[in-house]
Amino acid sequence: NRDDGSVWIVYLQLNRDQFLELFPSSTPAVPIPLNTGSYHHFCFQVDDLDVTVADLESRGVVIDQPIKMGKDYNLQAWIVDPDGNRIELMQIMPDSPQAAVGKSFR
């Protein structure tokens with residue numbers, strides 16, 4: 001939840017380590033380009049974000065937002081594709097809610 005108590009994000013667990021994130025707010029935290037249709041961003045889960053970012057940079061990909069710890073306690077970095085779509089790169093960390101529910105998934 002946000003500081004004002006409103007819902008920031010809802011996670012739907014699809015399998016052990018795959019989630020669909022829903023952002024119920026009508027006001028996005030970052031501007032959404034007009035050409036993105038009906039989604040805010042796409043996210044790829046990676047095993048080692050440092051290695052992934054270094055590999056992308058070596059191939060000329062610009063890292064739009066460098067590695068940082070997200071509100072969900074996972075590491076994240078961001079890139080933008082040639083059409084302006086935002087892509088999140090995420091490494092699930094042991095203290096995150098996703099890791100906690102992943103351990104109990106049956």
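Nothing fancy with the numbering, it's 1 onward along the sequence.
- If you chain together hydrophobic residues whose side chains sit under 4.5 Å apart, I87 and I92 never meet in one group.
- With values rounded to the nearest 0.5 angstrom, L89 atom CG is found 7.0 Å from T52 atom OG1.
- Nearest heavy-atom pair across D72 and P97 is O-CD, 3.1 Å.
- With contacts defined as side-chain heavy-atom distances shorter than 4.5 Å, the pair N85/F42 does not qualify.
- Residues V46 and V51 do not share a hydrophobic cluster, defined by chaining ILVMFWY side chains whose heavy atoms lie under 4.5 Å apart.
- Between A99 and P94, the shortest heavy-atom contact is CB-O, 3.7 Å.
- Rounded to the nearest 0.5 angstrom, M69 CE and M93 CE are separated by 5.0 Å.
- A continuous path of hydrophobic side-chain contacts links F44 to I67 [ILVMFWY only; heavy atoms under 4.5 Å].
- Of the residues Q91, M90, K68, the one that meets the side chain to side chain contact (heavy atoms under 4.5 Å, CB included) test with L75 is Q91.
- Among pairs with a residue in residues 49-58, those fulfilling salt bridge (charged side-chain N to carboxylate O under 4.0 Å, His left out) read D55-R59, at least two apart in sequence or across chains.
- Looking at heavy atoms from C-beta onward, I79 lies in side-chain contact with I63 at the 4.5 angstrom threshold.
- In this structure, NZ on K71 lies 10.0 Å from CD on Q76, to the nearest 0.5 angstrom.
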